[in-house]
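Here the structure is laid out as structure tokens; the discussion comes afterwards.
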Amino acid sequence: MELIICKDYEELSQKASEIIISMLKENPKSILGLATGSTPEGMYANLVKANENNEISFKDVKTFNLDEYYGLDPENDQSYRYFMNDKLFNHVDINKEYTRVPSGTIENPEEYGKKYDEEIENAGGTDIQVLGIGANGHIGFNEPSDVFTPETHLVKLTEKTISDNSRFFENIDDVPKEAITMGMKSIMSAKKVLLIANGKNKADAIYKSLRGPIDPKVPASILQVHPDLVVILDEDAASLL
Ligand code: GLP
């Protein structure tokens, strides 16, 4: 594991974007596993700038996102498809047909999950998977559980996640109670994993994930066995390490 501790969010976003930028320069056909949430927003803004400056192109890039709220359609401004269009895809030269975000409106999540995983596998797996982390240690929407679930699947969100994510919604009752998330198999098969976290409220999850036992009750702890894990934190998120 490579651990990079930054003085603030700006430096974290800078370092995270540098990794993607050098990857795209080396391989313009990279397959990116992408994440939503407030943590990667600064990184996406830097990627948009790098694209505007013609430093990188997304023309031949393919992307697979981690997760989507179940029940939200892509036009809903709280959906993760909307987030990705708004923060990245609408502002770069990517072919939207090459961008995948799990659908929140499918009827058969089990069948759909299999297809999503197959599609990732058929593309040769992702070159990098970007991850944020929930305050309870979740990655994607893989919530604390008794087992690590390998496949893309439907999950019930925990009270903690619903309350943490309610800041984006008008009312806590508007937060969907379920989500569809990439499972551990597709996440762990990424050639490189980039975990980013900032803020004191992530310090405990980061400590347990990186220093505690590998335990599905702390989903991100599985990353300890990934052969190429890069963790970028600000000082607050790293404060318990
Ligand atoms: C959400 C997403 C995760 C994200 C996490 C942290 O629930 N499903 O992919 O990493 O919350 O979000 P934030 O970066 O806003 O703290």
Side-chain angles (χ1 to χ4, degrees), residues 6 8-10 12-13 15-17 32-46 63-72 76-84 86-88 100-104 109 113 116 126 128-145 149 152-169 172 174-184 186-188 190 193-206 208-210 218-223 229-234 236-238:
C6 302
D8 55 22
Y9 179 69
E10 202 184 324
L12 174 156
S13 303
K15 293 254 187 285
S17 55
L32 308 178
L34 297 177
T36 52
S38 19
T39 316
E41 280 191 38
M43 180 190 82
Y44 290 141
N46 291 341
T63 66
F64 289 95
N65 259 77
L66 284 168
D67 49 10
E68 180 60 281
Y69 286 116
Y70 195 54
L72 296 195
N76 187 308
D77 63 4
Q78 291 307 329
S79 75
Y80 285 169
R81 161 53 78 179
Y82 189 98
F83 175 101
M84 288 310 302
D86 189 44
K87 303 293 176 202
L88 183 68
R100 293 275 181 274
V101 178
S103 167
Y116 198 72
T126 54
I128 189 166
Q129 176 63 58
V130 178
L131 296 173
I133 188 169
N136 62 2
H138 75 231
I139 47 177
F141 266 132
N142 290 276
E143 294 279 40
S145 165
T149 305
T152 294
H153 60 290
L154 187 70
V155 280
K156 274 206 170 6
L157 301 179
T158 60
E159 289 303 321
K160 171 75 181 144
T161 299
I162 291 172
S163 104
D164 283 353
N165 290 5
S166 65
R167 67 188 193 279
F168 299 111
F169 292 79
I172 191 161
D174 297 338
V175 186
K177 308 284 178 288
E178 292 176 305
I180 179 149
T181 183
M182 203 187 270
M184 294 307 187
S186 292
I187 292 175
M188 291 299 281
V193 171
L194 172 59
L195 174 67
I196 52 177
N198 68 298
K200 274 255 184 300
N201 65 325
K202 300 292 174 70
D204 182 57
I206 286 293
K208 288 183 179 144
S209 302
L210 302 183
V218 184
S221 62
I222 197 171
L223 301 174
L229 170 67
V230 180
V231 182
I232 308 184
L233 308 173
D234 75 345
D236 283 342

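Order of appearance sets the numbers: ligands from 1, and atoms from 1 within every ligand.
Qualifying salt bridge (charged side-chain N to carboxylate O under 4.0 Å, His left out) partners for Lys15, counting only residues two or more places apart in sequence or in other chains: none.
The shortest heavy-atom contact between Leu229 and Leu195 is CD1-CB, 4.3 Å. Closest non-hydrogen pair, Leu66 versus Ala35, comes out as CD1-CB, 3.7 Å. When all heavy atoms of Thr126 and Ala190 are compared, the pair lying nearest together is OG1-CB, 3.2 Å.
The proximity of Lys160 to ligand 1, defined as any non-hydrogen pair under 4.0 Å, does not occur for either the backbone or the side chain. Contacts with ligand 1 closer than 4.0 Å are made by no heavy atom of Ala35, backbone or side chain. Using a 4.0 Å cut-off between heavy atoms, Asn165 contacts ligand 1 through its side chain alone, with no backbone atom that close. At a heavy-atom distance under 4.0 Å, only side-chain atoms of Asp67, from C-beta outward, approach ligand 1. When heavy-atom distances to ligand 1 are checked against a 4.0 Å cut-off, Tyr80 comes that close only through its side chain, counted from C-beta outward.
Scanning all protein heavy atoms for the shortest distance to atom 14 (O) of ligand 1 gives Thr39 OG1, 2.4 Å. Distance from atom 5 (C) of ligand 1 to its nearest protein heavy atom, with residue and atom name: His138 NE2, 3.6 Å. Here the protein heavy atom with the shortest distance to atom 4 (C) of ligand 1 is Thr36 O, 4.0 Å. Among protein heavy atoms, atom 6 (C) of ligand 1 sits closest to Ile133 O, 3.4 Å. In terms of protein heavy-atom proximity, atom 16 (O) of ligand 1 is nearest to Lys202 NZ, 2.7 Å.
Taking only non-hydrogen atoms, the option from Gly140, Ala135, Gly37 nearest to atom 3 (C) of ligand 1 is Gly140.
Residue-to-ligand polar distances place Ser38 within reach of ligand 1: an N/O pair is separated by less than 3.5 Å. Looking at ligand 1, you won't find any N or O of Thr161 less than 3.5 Å from one of its N or O atoms.
Evaluated for a side-chain contact (heavy atoms from CB on, under 4.5 Å) with Phe141, the options Ile180, Asn165, Leu154 yield exactly one hit, Asn165.
Expressed to the nearest 0.5 Å, how far CD1 of Ile133 lies from NE2 of His138 amounts to 8.5 Å.
For ligand 1, the atoms lying closer than 4.0 Å to a non-hydrogen atom of Phe141 are 7 (O), 8 (N). Listed by number with element, the atoms of ligand 1 under 4.0 Å from a non-hydrogen atom of Gly132 are 10 (O).
In this structure, Glu143 falls outside the shell of residues with a heavy atom less than 4.0 angstrom from ligand 1.
Taking 4.5 Å as the limit, every side-chain heavy atom of Asp234 sits out of range of all side-chain heavy atoms of Asp8.
Surrounding NZ of Lys177 are more than 12 heavy atoms belonging to other residues, nucleotides or ligands, all under 6.0 Å away.
By the 4.0 Å N-to-carboxylate-O rule, Glu68 lies too far from Arg81 to be salt-bridged with it.
Centroid-to-centroid, the aromatic rings of Phe169 and Tyr69 come within less than 6.0 Å.
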